[in-house]
Amino acid sequence: MAGWQERKDKECEVMFRTRLLSGIVLVAAALVFIISGGYVLLAVTALISLIGMYELYRVAGVERTLLAGIGYLAAILYYLNLGIGFLPDMMAFALAFLIVLLAVYVFSYPKYEITGVLAAFFGFFYVAVMLSGVYQTRIMEKGAYIVWLIFLCSWGCDTCAYCVGVLFGKHKMSPVLSPKKSVEGAVGGLAGTFLLTALYAAVFRSRMGIGMQQVFILAAISVAGGMISMVGDLAASGIKRSYGIKDYGKLIPGHGGILDRFDSVIFTAPVIYYLAGYFL
């Protein structure tokens with residue numbers, strides 16, 4: 001019994017070190033690409049989106065089908081349009097994407113299930129479009145500083161929520177989807193997000209050209225993003241539970257796949273983009 005416990009403790013220690021090292025590398029990479037901005041960030045965000053779409057399509061069982069190929073192509077065209085702007089109407093593009101998917105479904109019937117069409121359409125918007133908020137936030141005015149709010153209210157909120165939840169968590173926030181998450185942890189995560197963002201904005205406010213009022217506006221925006229990030233985290237957990245899997249992939253050691261690490265970022269990126277653009 002003692003030997004089994006010792007092996008278990010050693011495995012946990014190895015997993016913690018692996019997760020920590022991967023996290024450090026991930027943060028370092030994020031720093032490099034986001035600071036670089038421009039087409040470098042655009043290309044990296046597009047690549048991450050394509051990998052995330054592949055992970056989601058694989059869960060749905062359509063990753064190597066024509067439906068998935070159309071989804072990948074739509075994502076590539078979407079990101080190219082963000083860079084050079086050759087599509088006049090994105091709503092028309094979305095409608096054309098759906099019509100092409102349905103045409104493939106109809107003219108190859110009964111090769112594909114309608115669930116495959118839904119997965120291909122959903123995956124494009126859920127991953128590629130929503131994650132593009134990182135790039136779109138980066139290129140907006142003051143975007144070089146505002147873009148970091150996306151990570152403060154996703155990864156920062158998650159870290160603060162975990163720490164508070166471990167110490168004080170008693171009331172389960174979502175017992176079925178994520179039994180380890182607590183109401184106390186959620187409150188602690190939002191409070192931590194507010195403080196981290198307020199501190200960050202106060203330090204860089206002269207470079208951003210904003211006053212103390214805008215500092216608190218940014219902190220409030222991060223709190224809103226933090227609340228949405230929890231929805232994103234739970235939504236990703238719900239999808240995994242629906243398909244009976246633990247992780248979307250194994251690309252990032254100790255963390256899982258792209259969607260396992262960016263599940264909350266996917267939701268917070270467009271929220272920060274629109275809220276910051278509206279209030280600042």
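What's counted below: heavy atoms across the whole structure, side chains too, no hydrogens, waters or symmetry copies.
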Closest approach of Ile150 to Val265 (non-hydrogen atoms, all atoms of both residues)
CG2-CG1, 3.9 Å
Would a line drawn from the ring center of Tyr135 to the ring center of Tyr79 be shorter than 6.0 Å?
no
Rounded distance (nearest 0.5 Å) linking atom CD1 of Ile146 with atom CD1 of Ile221
7.5 Å
Look only at the side chain of Tyr248 and the backbone of Arg58, and say whether a donor-acceptor pair between them is shorter than 3.5 Å.
no
To the nearest 0.5 Å, what is the distance between OH (Tyr162) and CG (Leu167)?
9.5 Å
Can you name the residues that form a ring-ring contact (aromatic ring centres under 6.0 Å, His included) with Tyr105, not counting sequence neighbours?
Tyr109
Would you say the side-chain atoms of Tyr57 pair up with the backbone N or O of Thr65, donor to acceptor, closer than 3.5 Å?
no
Which residue pairs pass the salt bridge (charged side-chain N to carboxylate O under 4.0 Å, His left out) test when at least one of the two sits in residues 212-236, sequence neighbours left out?
Lys181-Asp233
Among residues at least two apart in sequence or on other chains, which ones pass ring-ring contact (aromatic ring centres under 6.0 Å, His included) with Phe122?
Tyr126
If you take all heavy atoms of Ser229 and Cys153, which pair is closest and at what distance?
OG-O, 3.2 Å
Check: Ile35 main-chain N/O paired with Arg138 side-chain donor or acceptor under 3.5 Å:
yes
Polar side-chain atom of Tyr273 near backbone of Val134 as donor-acceptor pair, under 3.5 Å
no
Is any side-chain heavy atom of Val187 closer than 4.5 Å to one of Leu190?
no
Quick check on the 6.0 Å ring-centre criterion: do Tyr274 and Tyr278 meet it?
no
Over all atoms of both residues, closest heavy-atom pair of Lys170 and Glu184:
N-OE1, 3.1 Å
Taking Glu55 for its side chain and Leu259 for its backbone only, find out whether a donor-acceptor pair lies under 3.5 Å.
yes
Parallel, tilted or perpendicular: rings of Phe124 and Tyr78 (30°, 60°)
perpendicular
Kindly check if the number of other-residue, nucleotide or ligand heavy atoms within 6.0 Å of OH (Tyr112) is above 12?
yes
Has Ser222 got a side-chain atom pairing as donor or acceptor with Ala219's backbone, closer than 3.5 angstrom?
no
Test side-chain contact (heavy atoms from CB on, under 4.5 Å) on Leu47 and Ile51 and set out the steps.
CA-CA 6 Å; Leu47 179 60; Ile51 297 173; 4.2 Å; yes
Whether the side chain of Asp263 engages the backbone of Ala236 through a donor-acceptor N/O pair (distance < 3.5 Å, no angle test) should be reported.
no
Test your reading of the model: is there a side-chain donor-acceptor pair from Trp155 to the backbone of Ser264, 3.5 Å cut-off?
no
